[in-house]
Amino acid sequence: MSATYSYNTTEKLKSRKLLDQLFTKGRSVSVFPVKAFYMPLLSDAEVIVQAGVGVSARNFTKAVHRNRIKRLLRETYRLNKAILQEGLQADQKKAAVFFLYIGKEIPDFVTLNELMPSLLNKLAIAIAKA
RNA sequence: CUACAAACCCGAGCUAUCGUUCCGAUUUUAUCGGGAAGGAAAGUCCGGACAGCGCAGAGCAACCCACCGGUUAAUAGCCGGCUUCCCGGUUUUAACCGGGAAAGAGAAAGUGCCACAGAAAAUAACUACCCACGAUGAAAAUCGGGGGAAAAGGUGAAAAUGUGGGGUAAAAGCUCACGGUCCUGAUUGGUAACAAACGGGAUGGGUAAACCUUGGGUGCUGUAAUGCCACAUAUAGGAUCCUCUGAGGGCUGCUCGCCCAAUUCCGCUUCAUGCGGGAAGGGUCCAGGGUAGGCAGCAAGAUCGUGCCAGUAAUGGCAUGGCCAGAUAAAUGAUAGUUUAGAAACAGAAUCCGGCUUAUGAGGUUUGUAGUUUU
RNA sequence: GCGAAAGUAGCUCAUUUGGUAGAGCACGACCUUGCCAAGGUCGGGGUGGCCGGUUCGAGCCCGGUCUUUCGCU
């Protein structure tokens, strides 16, 4: 449990191939203003969950705003990811997840932090069914 | 002192907890230590470094630049000066002082355009003026076609070098004097642009951010360039063209010129050579398959801080100290407290630099304008 | 990262050597009809994305800026 709040390179979703599959074949769950794409992974993966974050450049033209939102998403995921990990560990499953911000206004930390647990619960249930 | 405008400076610090990325050390995968966005990282408007293309030929085209000198790796930037124009002040028309602006070569090589108005917008005769001729008439005068003439004429953004004298039928730079503008010769000062005064000539409206002319300059493509390693595959399918009489490619958009470019066997014929076929190789297109990893480039540099010196300045030289982001779905963050007058603006590196332009909260400095108060 | 194009009426678009900006649809009024549609007549609506410059005069020429779209890798 020492790495509970970590979010380092191995836990990031990096492969271009996986990302392509995730957006073409994966399913999604959303709690406005965040939409989460998910896909089960083979069991030989190193970590339980690989996750990535993103914002559409169409909604936020300034790079500063996109960076801000991505950082908030990473931070709230980092603080709350134990919910998802424990849910998956119970079912012996692994998954890839991508969080996409679909709102049009810049959120603050407090609201996102309150919202993230419910999204992760939803995700855990949906992946368990899949 | 207040308000507004412009330019410049600055673009938060500290503590705790939880995290990210890079480097180093210890150790063996977790600890410890250190570094971690900007003045514009932006727009991509200029200029370079570096790399590749034949270390890149000639002409044309295209594009760019345009007072002079300096600065620099280089520029369309910057600094200093000249000229012209604008504003303000002093005062006697003009000159001087202060501030600002200039895409500032050529309109006297040529072409085009100049709406409306006006006689006419560039070879200026419509009205009025003058002359002689013809017709009518007693005459004054009127009419007609012809010539002279830019001194007068409502317009217009712009109307043919200004004033005065002479001159004439009436007039006119037609001529003279004093000026304006332009070209040119020599003199003096200045590196030069140019300025001063002198001689000769000209008197030609504007527009070159219209075509253009003159002078000068530019090879093209960009770090996803480029080099290397690893992995994978199809000793791979079809069509078509070519193998020195050469498909095709390259050198700059075009032309010229130049360069690169893949060969042998068999049969027939023959002086040379030509024809047919096979194989191999090269190119183009179609269809399909695989990979999408790593290293270098890549961060010590036209570098930053401080001091001295040279220069009016931009800038340069010397000394000394420092090492200051380096990712690849892409780090540099979150929360709480605290300091402060305030923490709130614009905004996120992706090969790297020099400039320009644009955005920018609070505070500070300087300048200008307006108002108030005191002297 | 590199490059290109566009911005004109509510919408879709014209506007050539620079000289008072137009069409179609839509909108409003009237005619027509028992009523509506179609048709006919008339009308309103524009600081030409924004700022500056050249010119006597800019939608048009030049510079800057903003927004949108597209292409290459």
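A, B, ... follow the sequence lines: proteins, then strands. Residue 1 opens every chain. Excluded from the calculations below are hydrogen atoms, water molecules and symmetry mates; all remaining heavy atoms, backbone and side chain alike, are included.
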Student: Kindly indicate whether a cation-pi arrangement holds for A:K35 with A:F99, taking the cut-offs as under 6.0 Å to the six-membered ring centre and within 45° of the axis.
Tutor: no

Student: Please give the distance between the P atoms of B:G355 and B:C10 as a whole number of Å.
Tutor: 15 Å

Student: Could you tell me which nucleotide pairs with B:U369 by Watson-Crick or G-U wobble geometry, both distances under 3.5 Å, or answer none if nothing does?
Tutor: B:A3

Student: If I take atom CZ from residue A:F60 and atom CD1 from residue A:I69, how far apart are they, to the nearest 0.5 angstrom?
Tutor: 3.5 Å

Student: Applying the Watson-Crick and G-U wobble criteria at under 3.5 Å, what pairs with B:C8? Answer none if nothing qualifies.
Tutor: B:G364

Student: Rounded to the nearest 0.5 Å, how far apart are CD of A:Q89 and CD1 of A:I48?
Tutor: 4.0 Å

Student: Can you confirm whether A:S28 sits close enough to A:F98 that some side-chain heavy atom of one is under 4.5 Å from a side-chain heavy atom of the other?
Tutor: no

Student: Who does B:G237 pair with, Watson-Crick or G-U, both distances under 3.5 Å?
Tutor: B:C286

Student: How are the rings of A:Y7 and A:Y77 set relative to one another: parallel (under 30°), tilted (30 to 60°) or perpendicular (over 60°)?
Tutor: perpendicular

Student: Return one dot-bracket line describing RNA chain C 5' to 3' (Watson-Crick or G-U wobble pairs, both distances under 3.5 Å; ( ) same strand, [ ] crossing, | another strand, . none).
Tutor: (((((((..((((.....[..)))).(((((.......))))).....(((((..]....)))))))))))).

Student: In whole Å, measure the gap between the C1' atoms of B:C308 and B:C323 for me.
Tutor: 24 Å

Student: Please encode protein proximity along nucleotides 329-335 of chain B as a string of B, S and -, counting only heavy-atom distances under 4.0 Å.
Tutor: BSSBBSS

Student: Hydrophobic clusters here meaning ILVMFWY residues chained together by side-chain heavy-atom distances under 4.5 Å, can you tell me if A:V64 and A:L112 are in one?
Tutor: no

Student: If the C1' atom of B:U123 is compared with that of B:G106, how far apart are they to the nearest Å?
Tutor: 25 Å

Student: Pairing check on B:A62: which nucleotide meets the Watson-Crick or G-U wobble criteria with it, both distances under 3.5 Å?
Tutor: B:U218

Student: Would you mind pulling out the nucleotide paired to B:U84, Watson-Crick or G-U wobble, both distances under 3.5 Å?
Tutor: B:A101

Student: Look up atom CG in A:L120 and atom NZ in A:K81, then write down how far apart they are to the nearest 0.5 Å.
Tutor: 11.0 Å

Student: Which glycosidic conformation, syn or anti, is assigned to B:G39 if syn requires a torsion within 90° of zero?
Tutor: syn

Student: Is any side-chain heavy atom of A:L73 closer than 4.5 Å to a side-chain heavy atom of A:V34?
Tutor: yes

Student: Sticking with atom P, work out how far B:G282 lies from B:U263, rounded to a whole angstrom.
Tutor: 9 Å

Student: Who does B:A327 pair with, Watson-Crick or G-U, both distances under 3.5 Å?
Tutor: none

Student: What is the pairing partner of B:C346, taking Watson-Crick or G-U wobble pairs with both distances under 3.5 Å in any strand?
Tutor: B:G38

Student: Roughly, in whole Å, what's the span from NZ in A:K62 to P in B:A349?
Tutor: 12 Å

Student: Can you pull the side chain to side chain donor-acceptor pair (under 3.5 Å) pairs that have at least one residue in residues 108-119 of chain A, sequence neighbours excluded?
Tutor: A:N80-A:N113, A:D108-A:T111

Student: Both distances under 3.5 Å, Watson-Crick or G-U wobble: report the partner of B:C211, or none.
Tutor: B:G110

Student: Which whole number of Å gives the distance between the C1' atom of B:U191 and that of B:G301?
Tutor: 37 Å

